[in-house]
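These notes concern the structure reproduced below.
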Amino acid sequence: MFADLKGQEHVVQALSNALTQGRLHHAYLLTGTRGVGKTTLARILAKCLNCETGVTATPCGTCSACTQIDAGRFVDLLELDAASNTGVDNMREVLDNAQYAPTVGRYKVYIIDEVHMLSKPAFNSMLKTLEEPPAHVKFILATTDPQKIPVTVLSRCLQFNLKPMPPALVAQHLGEVLAQENVDAEPAALNILARAAAGSMRDALSLTDQAIAYGSGRIEAAAVETMLGTVRRDYLFDLLDALAAQDGDALLSQARTLAERGIAFDAALQDLGNLLTQLALLLHAPGAMEAGMDAERMQATAAKLDAETVQLYYQIALNGRRDLPYAPDEFSGFCMTLLRMLAFAAGSGAPRPVLAARSTPARTEPAPRVAAPVTVPRAETLSTEPLAAPAPARAAAPAVPLQAREPSPNGAWDWLAIVAELRLGGMAKMLADHCELVSQADGAVTLRVGEAHKHLLDGAYQDKLVSTLRDKYGAALQVTFEIGAAAEKTPQQVRTRIKEARQREAVAAIESDPFVRELVEQLGGRIDASTIQPLGENP
Ligand SMILES: [Zn+2]
């Protein structure tokens, strides 16, 4: 019965119409991933064509043709598996047989499964029959890989693509089957089984069989998860909680716990993506949430994450899973994915510590971005500083022109160097920092302070600076202060310019980092430049 075919309404509708209106084709090609019902559909179609009630979309299921097809004993139905019969001889034998009229049925029906695996001569042999097909022959071809079928064959087939089944539908069907069998099952367990089956009803049924055996007749979520070796959702919630709290240590500690439990990280990222999907649903469309989710925990976690962040984490989880095969090892790939989530905030989201103070100003060598373990993760091999890249402290700082040259009262003064050497503190130091040297000759020095800082010319600060200078250059030193337009040469201004230059360099280094750029472009992320600090900077 077509009604038995779950989730393929589009195909069933088209086939039913064709059968009802008597528009029959010589060859049908059914495509789709494994376990979506291609063979089931092929057998139903065979019954539709041969039912003794006539060609119909609703075979009776009781006539001898229908019952014999169900029992696999119908002489005019030939089922071939191309995966095991790829030779041309076998194919020729089959096709030689095709020219004879059917023995008992209306049509001779050939079901060829995994047809893409036929050899080239076998395809040629089949093509000859397809070019001038005897009226009593029907081919029903099935394949998971239609790309490998010669276009000459494809063009002679009416093609139907069977879709992978959505997990909710698989879970629902499993529930119905189990209810008929009087097997008790938790709804959450069915969801887990459905997701694990990845769109294949056949896999879902087979996994469910195993789960019944594993749970001694009862299907429970905990037992099923243990059986599948999948991640317990609690751990995923803990990961999300650590992310929400921006707690890198807790995040990596959770990751290590998962590693110790022998969790497959690919499955973990998949489950994380699924959990984030459910969180997004909770935030946008609570009615659409899957049954059997831990509603209380969901609410608690959703309260800590905004919708935009959930979207970003979801995208990063997908990308992380895609890149997992290229990671140095699975655990590194998994940790990097989590750290990316930690490091990036979405476009206009709430201000979070984005790349805060953890980026190197310039990456001159292709150093690994995180001190990740290469093989077996152990507690001590993991850096506790999430994004503390292995960078040299104070790397690549521009040359700072503060080297103290030996100042001489007779030679030209280097005010910056002198101020750096003077033992000044407090407001006197600040005054010195905001002075620039106007002139210095014959034991007399003139210093200028900008309008904005003239308040520093308090007598006490002046006296302190002058006495410190006299200690160094002799008691006869004449020091004059004036107020005027600054030429931007004070020690403070020079330091500010250097700091700004280093900041620009750090931001540029991060912005030009290909990894960061890709994330920003793909995810619509945003670099919060105000949080970037050159490494080793002491504000
Ligand atoms: Zn029948």
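Indexing begins at 1, ligand by ligand and atom by atom, following the structure's order. Numbers for residues simply follow the sequence, beginning at 1. Remember, it's a predicted structure, so these values are computed and weren't measured experimentally.
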- Task: State, to 0.1 Å, how close Gln99 and His136 come at their nearest heavy-atom pair, and which atoms those are.
- Result: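 Closest pair (atom of Gln99, atom of His136, distance): O-CE1, 3.5 Å.
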Name every donor-acceptor pair, under 3.5 Å, that has one atom in a side chain of residues 164-182 and the other anywhere in the protein, sequence neighbours excluded.
| from | atom 1 | to | atom 2 | distance (Å) |
| --- | --- | --- | --- | --- |
| Gln172 | NE2 | Glu176 | OE2 | 3.2 |

- When you check the space around the Zn ion (ligand 1), which protein N, O or S atoms turn up under 2.8 Å?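 N, O, S partners closer than 2.8 Å: Cys51 SG, Cys60 SG, Cys63 SG, Cys66 SG.
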- Under the ring pair (Phe, Tyr, Trp, His ring centres under 6.0 Å) test, residues paired with Phe334 that sit two or more places apart: Phe265
- Query: Rounded to the nearest 0.5 Å, what separation is found between the OG1 atom of Thr31 and the CD1 atom of Ile149?
  - Reply: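 Separation between the atoms: 8.5 Å.
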- Message: Which residues pass the side-chain contact (heavy atoms from CB on, under 4.5 Å) test with Tyr314, not counting sequence neighbours?
- Response: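 Testing Tyr314 for side-chain contact (heavy atoms from CB on, under 4.5 Å), a comparison that skips the adjacent residues, returns Leu276, Thr277, Leu318.
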- Message: Under the side-chain contact (heavy atoms from CB on, under 4.5 Å) test against Glu114, which residue among Thr144, Leu141, Leu80 passes?
- Response: Thr144
